[in-house]
Amino acid sequence: MTLKSLLAQMGLYRESVDYAYHPDDNHIEALNFWTSQKPKELWLYQFIVHHFSSLLDKNNSLLISSVFGPKKAIKLSESRVKLFYTGENLRRFPKYKDHCKGIVDIAVGFDYVNEEYYQRFPIWIDYSFQPTADSKMIKQVISGFVNKDLCADKDKKFASLVCSHDKKNIRTNLFRSLSKIDKVASAGRYLNNTNELKEVFNDDKGKFIGSYKFNICPENTNKEGYVTEKIFDAIKSNTIPIYWGSNNNPEPDVLNKDAILFYDGRGSLASLNKQVEELHHHPRRYADFINQPKFQPHAAEYIADCFNGLHSKIHKLLTSK
């Protein structure tokens, strides 16, 4: 615990807030995002402009706020409608664990929260679907999601890893264990042993991991519902995900668990290695596994419901007086 956080708990320190009300030309105010994130490039910003630009004006402005800044700034905001969004696991941001209940009109995140003001909308959707998507477009994306043209199964090498750190040693455990079977190509900053990603694939992660049979893609933290784009990147690139996260039940309304391999602690490594080795050395078994349906039959409908729920809640707020 830092001195600052200790003093805060004792009530002897308060985070400074330098707040001024400055909505942009679309009457949208953005707070508490990374400084490198330009508001107009945010997926949620583009969704709001696409659907609600005609409803926004100086007397009907909207705040989008996240976790990378003081919560008090949200309270001070003069925007008429306040929206809190997080793509982060709020265990890392405990002051936001209540999703700003009582100080915002709508909260959006990956948690399963049974509250009227809350809409589940996990961050992987942002990576896979355009803000302008409708039900028809969502079905089209799902039906053509897997890119089977990146590399023929017979030409794929063993396994890949792309990461920059490993705080929980999960990627390290998997890398070391699977390396007993064959070479695991690690193209990120962490455990780097190949320059292929940059030199052969021009930093195209999808093409890189698609040239391997397996992709090590655990989450950084384990919490029910917390699923990022990592597993979807692997699926899209037609490689078998080796996954850990969301209690090893990622997006049960969307993904087919039978098409995923799971790490479940160090005790699971022996059985996982056996599965991987069998698929690696038997092309027909690998083909049977990789060609399984990746999505649940109703996946597109579930995703469309997320879009419709978000649209409905924002529309109701902007049209209520």
Side-chain angles (χ1 to χ4, degrees), residues 124 127-128 140-163 170-219 228-245 248 250-251 254-264 268-297 299:
W124 59 264
Y127 285 84
S128 301
Q140 290 173 342
V141 170
I142 289 293
S143 65
F145 194 84
V146 181
N147 188 347
K148 295 186 177 182
D149 296 328
L150 291 176
C151 188
D153 289 348
K154 65 181 178 62
D155 297 325
K156 291 179 180 177
K157 288 170 280 188
F158 177 50
S160 67
L161 170 67
V162 181
C163 69
I170 291 167
R171 297 177 178 95
T172 305
N173 292 340
L174 285 166
F175 177 86
R176 290 175 177 172
S177 182
L178 294 174
S179 292
K180 297 173 184 177
I181 302 172
D182 205 336
K183 180 181 177 179
V184 177
S186 181
R189 292 197 301 272
Y190 187 71
L191 297 173
N192 182 273
N193 62 9
T194 178
N195 293 321
E196 254 191 357
L197 176 58
K198 182 177 182 179
E199 295 179 357
V200 178
F201 296 99
N202 196 29
D203 285 327
D204 188 322
K205 177 189 173 185
K207 289 182 178 179
F208 170 72
I209 67 175
S211 66
Y212 290 83
K213 295 177 181 177
F214 307 92
N215 176 240
I216 299 170
C217 55
E219 302 293 357
T228 67
E229 76 286 354
K230 296 178 180 67
I231 191 170
F232 288 89
D233 286 346
I235 291 169
K236 189 177 186 68
S237 295
N238 199 34
T239 181
I240 296 175
I242 299 176
Y243 184 78
W244 170 88
N248 278 357
E251 299 299 339
V254 177
L255 297 177
N256 173 21
K257 283 183 66 175
D258 291 338
I260 304 164
L261 295 178
F262 292 95
Y263 169 81
D264 192 22
S268 71
L269 285 172
S271 60
L272 177 61
N273 267 34
K274 185 178 179 180
Q275 284 180 291
V276 171
E277 188 166 19
E278 183 174 297
L279 294 172
H280 181 43
H281 292 305
H282 296 87
R284 184 168 294 179
R285 293 177 190 175
Y286 181 85
D288 289 342
F289 195 101
I290 196 69
N291 288 319
Q292 294 179 90
K294 305 299 191 294
F295 295 100
Q296 297 286 5

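The first residue in the sequence is number 1, and the count goes up from there.
For the pair N291 (side chain) and A287 (backbone), a donor-acceptor distance under 3.5 Å is present. Within the 3.5 Å criterion, the main-chain N or O of G245 finds a donor-acceptor partner in the side chain of N248. In this structure, the side chain of N256 engages the main chain of P293 through a donor-acceptor pair within 3.5 Å. In this structure, the side chain of D204 engages the main chain of G206 through a donor-acceptor pair within 3.5 Å. Checking side-chain atoms of Q292 against main-chain N and O of F289 turns up a donor-acceptor pair under 3.5 Å.
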Checklist entry - Can you check side-chain contact (heavy atoms from CB on, under 4.5 Å) on N195 and V200, steps first, answer last? => result CA-CA 8 Å; N195 293 321; V200 178; over 6 Å; no

Item to check | Y212 vs S237, side chain to side chain donor-acceptor pair (under 3.5 Å): CA-CA, chis, key distance, verdict | outcome: CA-CA 9 Å; Y212 290 83; S237 295; over 6 Å; no

Next on the checklist: The test is side-chain contact (heavy atoms from CB on, under 4.5 Å); show your working for V276 and I242 and say whether it passes.
Outcome noted: CA-CA 9 Å; V276 171; I242 299 176; 4.1 Å; yes

Item to check | Test log, rule side-chain contact (heavy atoms from CB on, under 4.5 Å), inputs Y190 and T172 | outcome: CA-CA 9 Å; Y190 187 71; T172 305; 2.7 Å; yes

Next on the checklist: Does N173 form a side chain to side chain donor-acceptor pair (under 3.5 Å) with Y263? I'd like the steps, not just the answer.
Outcome noted: CA-CA 10 Å; N173 292 340; Y263 169 81; 3.3 Å; yes

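The CD1 atom of I231 lies 9.0 Å from the OG1 atom of T228; values are rounded to the nearest 0.5 Å. K183 NZ to I181 CD1: the interatomic distance, rounded to the nearest 0.5 Å, is 16.0 Å. L191 CG to C163 SG: the interatomic distance, rounded to the nearest 0.5 Å, is 6.0 Å. The CG atom of D258 sits 11.5 Å away from the NZ atom of K294 when rounded to the nearest 0.5 Å.
Of all heavy-atom pairs between V254 and A299, the closest is O-CB, 3.6 Å. Nearest heavy-atom pair across S160 and F208 is CB-CE2, 3.8 Å. Looking at every heavy atom in both residues, F201 comes nearest to S211 through CZ-OG, 3.7 Å. Closest approach of G210 and L150 over heavy atoms only: CA-CD1, 4.2 Å. Here the closest non-hydrogen pair linking S186 and N193 is N-OD1, 2.8 Å.
For A234, the side-chain contact (heavy atoms from CB on, under 4.5 Å) partners two or more places apart in sequence, or in a different chain, are N215, C217, T239, P241. In this view, Y286 and F214 satisfy the ring pair (Phe, Tyr, Trp, His ring centres under 6.0 Å) rule, not counting sequence neighbours. Applying the ring pair (Phe, Tyr, Trp, His ring centres under 6.0 Å) rule to Y243 yields no partners; only residues at least two apart in sequence or on another chain are considered. A search for salt bridge (Lys or Arg N to Asp or Glu O under 4.0 Å) contacts involving R285 returns E278, not counting sequence neighbours. Taking the side-chain contact (heavy atoms from CB on, under 4.5 Å) definition, one finds that S179 meets it with F175, V184, sequence neighbours left out. The side-chain contact (heavy atoms from CB on, under 4.5 Å) test applied to D182 returns F158, H280, not counting sequence neighbours. Residues meeting the side-chain contact (heavy atoms from CB on, under 4.5 Å) test with K198, sequence neighbours left out: D203. Applying the side chain to side chain donor-acceptor pair (under 3.5 Å) criterion to Q296, with sequence neighbours excluded, gives no partner residue. Judged as a ring pair (Phe, Tyr, Trp, His ring centres under 6.0 Å), and not counting sequence neighbours, the contacts of F295 are F145.
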Taking only distance into account, with no hydrogens and no angle test, what donor-acceptor pairs under 3.5 Å do side-chain atoms of residues 268-275 form with protein atoms, sequence neighbours excluded?
from: S268; atom 1: OG; to: D264; atom 2: N; distance (Å): 2.8
from: S268; atom 1: OG; to: G265; atom 2: O; distance (Å): 2.7
from: S271; atom 1: OG; to: S268; atom 2: O; distance (Å): 3.0
from: N273; atom 1: OD1; to: S177; atom 2: OG; distance (Å): 2.8
from: N273; atom 1: ND2; to: S177; atom 2: O; distance (Å): 3.0
from: N273; atom 1: ND2; to: S177; atom 2: OG; distance (Å): 3.2

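In this structure, R171 and L161 have side chains that are in contact, with non-hydrogen atoms separated by less than 4.5 Å.
Legend: side chain to side chain donor-acceptor pair (under 3.5 Å) pairs involving residues 140-153, not counting sequence neighbours, sorted by first then second residue: D153-K156. For residues 228-244, every residue pair satisfying the salt bridge (charged side-chain N to carboxylate O under 4.0 Å, His left out) rule, not counting sequence neighbours, is listed here: K205-D233, E219-K230.
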